[in-house]
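One structure below.
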Amino acid sequence: MYLGIDLGTSGIKVVLVDETETVRASHTESLSVSRPQPGWSEQNPEDWWQATLRGLDALAQTHKSEMASVRGIGLSGQMHGAVLLDEAGEPLRPAILWNDTRCEAECAELEESFPALRQVAGNPAMPGFTAPKLLWVRKHETEIFGRLRTVLLPKAYLRYRLTGEMIEEMSDAAGTLWLDVGARAWSDAALAATGLSRAAMPRLVEGSDAAGQLTASLCARWGMTTAPVLAGGAGDNAAGAVGLGAIRPGSAFLSLGTSGVLWATTDRFRPNPEATVHAFCHALPGLWHQMGVTLSAAACLAWWSGVAGEKEAALLQALPETPAAPSEVTFLPYLSGERTPHNDGSIRGAFMGLSQETSRASLTQAVLEGVAFSFRDCLDALRAAGTVVTEADVIGGGSRSATWIKILASVLGITLHSLADGEHGAAFGAARLGRLAATGEDPLLICTPPRRLAAIAPDPALQAAYEKRLPLYRALYPAIKQAQRPAL
């Protein structure tokens with residue numbers, strides 16, 4: 001048996017997977033986010049630990065024999081968060097999360113003080129990443145920074161509590177801005193730019209490598225007969241890719257979750273930081289990946305559902321499976337800013353083209369299309385970085401809408417595939433990494449893709465209509481940006 005633990009922003013998910021790749025059990029514990037000031041987003045690392053204990057306790061109660069035979073454990077988790085530990089290994093403050101935007105000024109300072117950042121880290125400095133968070137702490141919480149001894153990412157903190165060892169793997173480390181992503185090693189120059197050195201960093205391993213063993217006390221707690229090995233693990237998207245079998249160069253998937261990701265696996269480091277394409281290490285040796293990210297994907301439909309006072313399913317049911325034409329309204333999905341290609345945390349969304357004839361269904365369709373156009377920006381940014389995506393699997397809650405997938409296929413101009421079983425996501429991928437660390441098996445034999453249910457090709461007429469609409473969508477960003485500037 002193999003165990004996957006996924007530390008998300010809204011909860012901890014644990015899954016038990018057997019040797020046939022069947023999920024035997026799963027359990028989720030909820031987490032809450034603290035927002036003590038506008039733009040701040042924090043969690044207490046102890047809350048992660050207690051939720052992990054509760055989740056694994058629950059599996060041990062309902063699946064005693066399976067838990068007793070666990071051989072490998074994999075971790076995945078929310079990326080970029082900063083867990084600051086003192087000399088005793090205790091957190092100095094709440095963790096600053098990936099969606100915290102307090103350090104915009106520090107991003108500019110980091111780019112200025114370390115001009116080679118984009119070439120080394122493969123990404124521009126953005127508030128979501130870890131390094132500028134530490135500059136903010138250095139400037140605003142001097143006493144805490146002075147007591148700092150180690151910085152861990154969220155899942156690495158869980159590993160520390162599970163094993164007593166401070167270890168990180170490449171895919172998550174690549175999201176800190178401290179990693180030389182091409183060399184797969186900490187960058188001394190990037191660390192120095194934030195007042196740190198390698199002494200503050202955990203040891204690096206590959207995601208499928210062995211990275212510690214579960215402590216004896218925890219083995220006894222969950223009835224495990226032999227101490228399982230922990231894998232290096234992966235950041236949430238890389239773990240999801242392992243779960244989907246996206247481990248060959250050219251593999252691609254589109255994640256239509258709260259935020260949106262267009263992922264492409266690559267055989268080398270291929271950055272395009274000017275278009276805010278993320279170029280990170282994959283969780284397996286010798287592989288990298290590129291990601292275009294839209295900050296609000298299914299979150300846009302959830303927002304519109306709340307405003308409209310109608311459940312999401314009812315809003316979608318009011319639309320035809322294949323729209324006859326684009327909505328007369330254009331929606332900008334920048335509810336929380338935008339990542340690719342604008343790297344703009346302050347831009348906000350808009351409806352454009354409202355009239356007396358505009359219906360709720362037209363606005364719903366516009367929301368779906370606006371998210372699809374944002375993914376088109378991601379696709380074109382990947383193309384500019386030398387990666388051509390011709391087809392992609394679709395995962396995430398939004399993938400359950402046939403209408404949305406057809407809109408996406410026509411806006412992107414590529415074939416999309418719906419999947420039979422992609423819902424366990426990062427936790428399932430983490431369990432696969434736990435298996436690889438325990439057994440040393442060939443990843444190509446274990447990390448196979450789920451069964452595809454259907455191939456959704458672009459609708460030719462709709463694709464042509466969306467190509468005509470695309471210039472309007474792209475012209476609206478600078479116009480809205482100018483309109484939203486505060487009056488002098």
Side-chain angles (χ1 to χ4, degrees), residues 2-8 12-15 17 48 52 70-81 83 130 150-176 178-187 198 200-215 218 227-247 263 265 269 280-289 425-447:
Y2 306 98
L3 185 63
I5 304 172
D6 177 40
L7 167 55
I12 298 269
K13 183 172 185 177
V14 294
V15 299
V17 181
W48 303 336
T52 301
V70 168
R71 299 174 59 196
I73 300 174
L75 298 172
S76 68
Q78 48 170 297
M79 297 179 68
H80 314 308
V83 184
T130 321
T150 309
V151 182
L152 295 181
L153 295 167
K155 81 171 192 307
Y157 178 77
L158 283 188
R159 182 197 320 281
Y160 171 55
R161 297 297 298 268
L162 290 164
T163 69
E165 296 193 55
M166 295 185 182
I167 303 172
E168 189 48 274
E169 54 74 42
M170 301 299 175
S171 70
D172 223 354
T176 63
W178 289 317
L179 193 76
D180 183 329
V181 178
R184 301 173 90 96
W186 295 121
S187 165
R198 293 194 187 208
M201 295 294 105
R203 176 167 64 90
L204 284 171
V205 300
E206 296 289 349
S208 54
D209 286 347
Q213 282 188 318
L214 193 66
T215 64
L218 292 174
V229 63
L230 268 75
D236 49 8
N237 285 301
V242 170
L244 289 171
I247 64 168
W263 165 293
T265 303
F269 179 41
F280 293 153
C281 300
H282 205 328
L284 296 172
L287 292 174
W288 286 259
H289 70 273
F428 181 71
R432 280 182 161 178
L433 291 170
R435 175 173 180 165
L436 294 175
T439 66
E441 293 170 284
D442 184 348
L444 292 175
L445 298 178
I446 301 303
C447 303

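With sequence neighbours excluded, no residue satisfies ring pair (Phe, Tyr, Trp, His ring centres under 6.0 Å) with Y157. In this structure W288 satisfies the side-chain hydrogen bond (donor to acceptor under 3.5 Å, both in side chains) test with no other residue, sequence neighbours excluded. Shown here are the side-chain hydrogen bond (donor to acceptor under 3.5 Å, both in side chains) partners of R159, two or more places apart in sequence or in another chain: there are none. In this view, A438 and Y2, R71, V229 satisfy the side chain to side chain contact (heavy atoms under 4.5 Å, CB included) rule, not counting sequence neighbours. Listed by chain and residue number, nothing satisfies the salt bridge (charged side-chain N to carboxylate O under 4.0 Å, His left out) test with D236 (two or more places apart in sequence, or in another chain). Considering only residues two or more places apart in sequence or on other chains, T265 meets the side-chain hydrogen bond (donor to acceptor under 3.5 Å, both in side chains) condition with W263. Residues forming a side-chain hydrogen bond (donor to acceptor under 3.5 Å, both in side chains) with E441 (at least two apart in sequence, or on another chain): R435, T439.
Side-chain contact between E169 and L433: absent, with no pair of heavy atoms (C-beta onward) separated by less than 4.5 Å. Side-chain contact between L436 and C447 is present, with heavy atoms from C-beta onward closer than 4.5 Å. Side-chain contact between L3 and V15 is absent, with no heavy-atom pair separated by less than 4.5 Å. In this structure, M79 and L153 have side chains that are not in contact, with every pair of non-hydrogen atoms separated by 4.5 Å or more. Side-chain contact between T215 and L162 is absent, with no heavy atoms from C-beta onward closer than 4.5 Å. Counting heavy atoms from C-beta outward, Q78 and K155 have side chains that stay 4.5 Å or more apart. Side-chain contact between I247 and L444: present, with at least one pair of heavy atoms (C-beta onward) separated by less than 4.5 Å. Between L75 and D6 there is no side-chain heavy-atom pair separated by less than 4.5 Å.
A donor-acceptor pair under 3.5 Å links the side-chain atoms of H80 to the main chain of G175, judged by distance alone. Panel note: side chain S187, backbone W178; no donor-acceptor pair is recorded below 3.5 Å.
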Extract all donor-acceptor atom pairs below 3.5 Å that involve side chains of residues 201-214 and protein atoms in other chains or at least two apart in sequence.
residue, atom, partner, partner atom, Å
E206, OE1, R184, NH2, 2.9
E206, OE2, R184, NE, 3.0
D209, OD2, E206, N, 3.1

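Looking at every heavy atom in both residues, W186 comes nearest to A173 through CH2-CB, 3.7 Å. Taking each heavy atom of V242 and A283 in turn, the nearest pair found is CG2-CB, 4.3 Å. In terms of heavy atoms, A234 sits closest to A239 at CB-N, 3.5 Å. Closest approach of P154 and L7 over heavy atoms only: CB-CD2, 3.5 Å. Annotation for R432 and G245: closest pair NH1-N, 3.9 Å, computed over non-hydrogen atoms. Nearest heavy-atom pair across I12 and W48 is CD1-O, 4.0 Å.
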Under the side-chain contact (heavy atoms from CB on, under 4.5 Å) rule, what do C281 and L179 come out as? Steps first, then yes or no, please.
-> CA-CA 10 Å; C281 300; L179 193 76; 3.9 Å; yes
